[in-house]
Structure formats: C-alpha cells, structure tokens
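Everything numeric here is computed off the predicted structure, so don't read it as measured data.
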Amino acid sequence: MSTEEKSLNFLEQIIEEDLKNGLSKDKLRFRFPPEPNGYLHVGHASAICLNFGLGIDYQSPVNLRFDDTNPAKEEQEYVDAIKKDIEWLGYQWDTECYASDYFQQLYDWAVEFIKKGKAYVDSQSSSAMAEQKGTPTQAGTDSPYRNRSVEENLDLLERMKNGEFPNGTHILRAKIDMSHNNMLMRDPIMYRILHSHHHRTGNQWCIYPMYDWAHGESDYLEQISHSFCTLEFLPHRELYDWFLDQVYDSTKVRPKQREFARRNLSHTVVSKRKLLQLVEEKHVTGWDDPRMSTISGMRRRGYPPMAIRNFAKTIGIAKRTNLIDVSLLEFCVREELNKTTHRVMAVLNPVKLVITNYPEGQEEWLEAENNPEEAVMTYRKVPFSKELYIEREDFQEEANKKFFRLTLGTEVRLKNAYIIKGESVVKDTEGNITEIHCTYDTDSRSGSGTEASQRKVKGTIHWVSITHAIEAEVRIYDRLFSHESPDGNKEIDFKEFINPNSLEVITGYVEPSLQTAKNLDQFQFQRLGYFCVDKESKAEKLVFNKTVGLRDTWAKVESKE
C-alpha cells in the first residue's frame, strides 16, 4: 500500500511509519481476538472488517484468536458462531488460535515473575484489596502480603494451580507500583482461582489468566505486529507494554497496541451483557432474532455481507466515539440488494380484484424481468387469471388528482400484464370493500408492441393471481428501540425504550415462482421492500422476513417528532 493510492486512516499511517522505520513487510501480522462469551454484533463486524481488511491491503496474515480465559462464561457454541460469522462476511483467517493454547507458557512466565520479584500471591479479600488500591487522586497502600518470600509465593501458586484452594482465597498480582498514577498499574491481578470446566482444556487448570496478562503475551507468542483495540483499552496500553518488557526478546517482533473509537449504532445496543439480557428475558426470540444487532441477526434478516463490509468502509476509523445513524447501514443494504435481488410480486394487504371481461377459467403465463440491474437480462413466467389480489392501499373509491393508483373510472397498468379500468365495488354489511370489479383492455398486454400496450397511464400496480398465489407468513420488522441511544442515559433502564411494535406478523400472498425459495434467499417484493426467506420457512409454509424498505421511512417519522 502506498499513500498515493488512497487516503490513509490513522492506523494505516502508523503501519506505514513502522515500515519506513525498518519493520519488514513480511513481519506484518494482525489479529481479531473475540471472547467466546456471546454472539458477535455490528461493532465486532467493524473490527473484523478493519483487521481482515488490513490483511488484504497489506497481503499479510490475520490470526483468529479466541480470548478463552474465563470458562465460567465461555462456550463452544459461541466459538462456532463467531467462526461462521467471519466466514459469512467473506474473510478467512490464517491461523486459528486460543489464549488457552498458551496457558502453560503464561504460567511458566508467571513463575519467572515470582523468582524475579515481579509478582506475588495476595490473600486479601476482594473488598480489602479494593480499599487499599486507592483512588485516582490518592495513592494505594501495599498489600500485607506484598513481600512474601519467593519460596512461599511459588508454593502458593503451585497449590493454587493444583486446586487446593477454593475460589477467591488467593490471587497472583504483578508487583509494579501501588502509587502509580494509572490505577491499572497498581499491582494488577495476573491469575485468579476458578474451579470451572473449560470448553477446551477441561478441568486441567484451576487458575486462569486475566485478560491484561494474556492479551499482550498472546500477541507476542503469535508475533502479531499491530494489536488494534477499541478506546477503552487505551489506559491498558501501559500495562500491555510493561508485561511485554518482562519477556521481550529483541530478536523478535514486539507487538504494538493502538486504539480506535467504537462506532455505536443508533436505535440499538451492542453490549454483550445487554444483548444477553434481551435474549434471556425473551424480549427477542434468540441471538439471531432479526431485530438484534448481532451479525447472525443481520444475516437472518437478509442483510448481505457485502453491505456490512461497505458500511464499515463508509464509516471508517476514528479516534473519537460517535453515534452512527442506523439509516446509513440500511442505505448500504438497499444499495447492495438493488444490484443483486430478483424483483417478484407479493401482496401483503390483499383485496380481491375481478376482471369481469376476462374469460372464465382462462390463464396466461406472462413474461417478467427478474432484475433490470443485471448485465444480461433474465426473465421468468408469472400466471395471470380473472381473479387477482392487489394491495388494498392501491385502490380508492374516490381519490384526488395526486392518487395515481386504481379508482373507479380511471386506468392503471397491472405490472407485466394489462391496462385495467375500475368499474364498481362490492362491500360487506359494514361497508368494507370485499371486491373490486374492473375491465381490461385486451390489446394492452405489456411488451406486445401494440398501440394499446404503449398507451400511457398514470400508475402501475403489482398483483398476484388468486388461483396460483401461495400463502406466506411475512414478518415485518421495525427498529427494536424507539430511542436513538437506548442505553445513553444511565438513570433509565435501556429496556424502557423497547419498541412494542418492532414485529408485526401478517399473512401475504406471493407469486408461485417463490415456492422453491430456500433459507436466506433474497428478493425485492416490488413496490414493498426487500425480503428474505427465514430459516423457519418450509415448502408447505413459506416465511419471509422484511429486510428493509425501498426507502428510508424513519427519516420522515423522526423529522415530525
């Protein structure tokens, strides 16, 4: 990469500077380090695109390293889901690694720390430790166990490892400086006792390393050149470097931690704890509920992976946290789906339309284009008959001049079919329209080349043949939260802003070409929006999720508010 090719973000500038200062390009190596304690969300997607994008740009390897240092919260299910998400986004890692791969080396280093007077076993209660740690403006005080002998520390650590003590009785702390102005440097914890089954190492270990201890040393063992983290890890950088100082060999690459800002998304939450709360309290159906900000939720809703990658590229990398409007993500989704999806016909709020002069029992299979954006146009056949469903909103008995759809006495074109004219209506006892009767111009079939077919009418509406229509369950999703920043006020529970109308389940009717549609197949329902087949869909009962509308309707709603 060169600065002449494109404008570089500040992380790329750091890499370029390191290359100029002598770092060999073949030593570049990046990593994506998720903790397998939940499903990845849109914030992780940006980090994935950043690290794997750098790997592509610099033709350098990217490791996938699972930070599996807390077995109480981590599961194989999450490991599998994370790998699936990364592959679905279109990226491939070089080496699959786990912090647990390095447990023995980390322990051996901890022993060396003790021998060099750099670590000690503390036996205080957690409350006593918190009290002696001090405050940002007041120095901490030394633990009464800080000057234990090397022999006693080694003995206690060995017995901790062997499972002789219950949880919480001892910890291993680095011996740095209890008066340091960075509180993270005040003798941070390296190991805690945790009698918990690990999804990879089983019951082999009874002590587990803290993230700060495992993070930089894992980067070092994998020879990661640049370790990019979000801004909350900026205060941790000093500790990251201190731990590296104790083990660093100058013949090897020394990892460099640098930080970038989180990009929060409006009308959603991206905290794993809050997402888990939504799942456990059944505000949503699961981690992959299409209203969730998880990658699996976005996939199930029908968001294309390239749209998410384009979104990450559009928002870029910043040094300051800010709130990105979800409408930008939806714009990227529309842009991608417009290029890739077939246009089909579906009616979601049906009213019966009868063409009174169409021959009884007759049907035609009309030609319809699949996607006008295709380089080579393809077509399909759609059935036409005497009785159709149209959208109830596409008819008004009496309408003003700005209504360009069907009314009594006016003409509209049925998409891919004929020009029809509204003649009369049938109503039930409550005055609701149950049928619309119309006539059709027999010479006006689309594409026939006749003079009548080229006649201009004010509107075109979609339809499905009632005889051939397939009933489908359609799930209309709206934003899960009504507030743009639901967790922005610590005084208010974020769940107070859950949108009670975030899901509407309706019965619609779709053209028969969709009978064989499979999970995640994507379509544009003409004039209605983009939809995809849900995983619960079956041949005998199709289920579609609304991905996004054809235009941003929220902009109007919010401007009124």
By side-chain contact (heavy atoms from CB on, under 4.5 Å), which residues pair with Thr378, not counting sequence neighbours?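 For Thr378, the residues satisfying side-chain contact (heavy atoms from CB on, under 4.5 Å) (neighbours in sequence not counted) are His342, Asn370, Glu374.
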
I need the minimum non-hydrogen distance between [X] and [Y], along with the two atoms involved.
{"X": "Cys532", "Y": "Thr547", "value": "N-OG1, 3.9 Å"}
{"X": "Trp88", "Y": "Pro305", "value": "O-CB, 3.2 Å"}
{"X": "Thr439", "Y": "Ile355", "value": "C-CG2, 4.3 Å"}
{"X": "Leu406", "Y": "Gly422", "value": "CD1-N, 3.6 Å"}
{"X": "Asn264", "Y": "Val270", "value": "OD1-CG2, 4.0 Å"}
{"X": "Thr340", "Y": "Glu336", "value": "OG1-O, 3.1 Å"}

Out of Ile390, Leu414, Val347, which residue meets the side chain to side chain contact (heavy atoms under 4.5 Å, CB included) rule with His462?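 Exactly one option meets the side chain to side chain contact (heavy atoms under 4.5 Å, CB included) with His462, and it is Val347.
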
Under the ring-ring contact (aromatic ring centres under 6.0 Å, His included) test, which residues partner [X], sequence neighbours left out?
{"X": "Phe233", "result": "Tyr211, His236"}
{"X": "Phe32", "result": "none"}
{"X": "His483", "result": "Phe497"}
{"X": "Tyr358", "result": "Phe384, Tyr440"}

When you measure from the side chain of [X] to the backbone N and O of [Y], does any donor-acceptor pair fall under 3.5 Å?
{"X": "Arg413", "Y": "Ala417", "result": "yes"}
{"X": "Thr314", "Y": "Ala312", "result": "no"}
{"X": "Arg334", "Y": "Gly549", "result": "yes"}
{"X": "Ser293", "Y": "Val269", "result": "yes"}
{"X": "Asp534", "Y": "Glu536", "result": "yes"}
{"X": "Thr356", "Y": "Cys438", "result": "yes"}
{"X": "Lys415", "Y": "Ile461", "result": "no"}
{"X": "Thr268", "Y": "Leu265", "result": "no"}
{"X": "Asp428", "Y": "Gly431", "result": "yes"}
{"X": "Asp493", "Y": "Glu496", "result": "no"}

Rounded to the nearest 0.5 Å, what separation is found between the CZ atom of Phe66 and the NZ atom of Lys83?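 These two atoms lie 6.0 Å from each other.
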
Does the side chain of [X] reach to within under 4.5 Å of the side chain of [Y], using non-hydrogen atoms?
{"X": "Val474", "Y": "Thr507", "result": "no"}
{"X": "Trp365", "Y": "His468", "result": "yes"}
{"X": "Arg301", "Y": "Tyr477", "result": "yes"}
{"X": "Ile295", "Y": "Ile48", "result": "yes"}

Decide if the gap between the ring center of Phe525 and the ring center of Phe531 is smaller than 6.0 angstrom.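 They qualify: ring centres under 6.0 Å apart.
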
Tell me if the aromatic rings of Trp287 and His41 count as close, with their centers under 6.0 Å from one another.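 Ring centres of His41 and Trp287 not closer than 6.0 Å.
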
Under the salt bridge (charged side-chain N to carboxylate O under 4.0 Å, His left out) definition, can you give me all pairs with a residue in residues 456-465, not counting sequence neighbours?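 Residue pairs with at least one partner in residues 456-465: there are none.
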
Got a sec, which pairs hit salt bridge (charged side-chain N to carboxylate O under 4.0 Å, His left out) with one end in residues 273-286, sequence neighbours left out?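 For residues 273-286: Lys274-Asp487, Glu281-Lys495.
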
Could you walk me through whether Asp394 and Arg527 pass the salt bridge (Lys or Arg N to Asp or Glu O under 4.0 Å) test, one step at a time? CA-CA 11 Å; Asp394 282 343; Arg527 302 175 63 234; 2.7 Å; yes

Partners meeting salt bridge (Lys or Arg N to Asp or Glu O under 4.0 Å) with [X] (sequence neighbours left out):
{"X": "Lys381", "value": "none"}
{"X": "Asp288", "value": "Arg300, Lys535"}
{"X": "Glu473", "value": "Arg475, Lys541"}
{"X": "Asp67", "value": "none"}

Within a 6.0 Å radius of atom [atom1] on [X], are there more than 12 heavy atoms belonging to other residues, nucleotides or ligands?
{"X": "Glu540", "atom1": "CD", "answer": "yes"}
{"X": "Glu451", "atom1": "CD", "answer": "no"}
{"X": "Gln59", "atom1": "CD", "answer": "no"}
{"X": "Glu398", "atom1": "CD", "answer": "no"}

Mind running salt bridge (Lys or Arg N to Asp or Glu O under 4.0 Å) on Arg262 and Glu232 for me, showing each step along the way? CA-CA 9 Å; Arg262 283 182 183 273; Glu232 66 265 32; 2.5 Å; yes

Does NZ or CZ of Lys319 lie under 6.0 Å from the centre of the six-membered ring of Phe260, at an angle within 45° of the ring axis?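 No; the conditions do not both hold, so Lys319 does not lie above the ring face of Phe260.
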
Would you please test Ser227 and Arg31 for side-chain hydrogen bond (donor to acceptor under 3.5 Å, both in side chains) and show each step? CA-CA 7 Å; Ser227 182; Arg31 93 287 176 266; 3.0 Å; yes

Are the charged groups of Lys272 and Glu35 less than 4.0 angstrom apart, N to O?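 Between Glu35 and Lys272 there is no salt bridge, as every charged N stays at least 4.0 Å from the carboxylate O atoms.
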
Are Lys352 and Glu435 close enough for a salt bridge, meaning some N to O gap below 4.0 Å?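 Salt bridge flag = yes for Glu435 with Lys352.
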
Assess whether side chain to side chain contact (heavy atoms under 4.5 Å, CB included) is satisfied between Asn416 and Tyr379, documenting all intermediate values. CA-CA 11 Å; Asn416 304 307; Tyr379 299 86; over 6 Å; no

Taking only residues at least two apart or on different chains, which pairs with a member in residues 514-525 satisfy side-chain hydrogen bond (donor to acceptor under 3.5 Å, both in side chains)?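 Non-adjacent pairs meeting side-chain hydrogen bond (donor to acceptor under 3.5 Å, both in side chains): Gln524-Tyr530.
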
Stepwise salt bridge (Lys or Arg N to Asp or Glu O under 4.0 Å) test for Asp441 and Arg455: CA-CA 11 Å; Asp441 183 338; Arg455 189 166 80 251; 3.0 Å; yes

If we count only N and O atoms by modelled type, under 3.5 Å, do the side chains of [X] and [Y] hold a donor and an acceptor together?
{"X": "Arg291", "Y": "Ser502", "value": "yes"}
{"X": "His199", "Y": "Glu75", "value": "no"}
{"X": "Glu96", "Y": "Tyr98", "value": "yes"}

Residues Ile82, Lys84; criterion side chain to side chain contact (heavy atoms under 4.5 Å, CB included); working and verdict: CA-CA 5 Å; Ile82 288 167; Lys84 180 179 179 180; over 6 Å; no

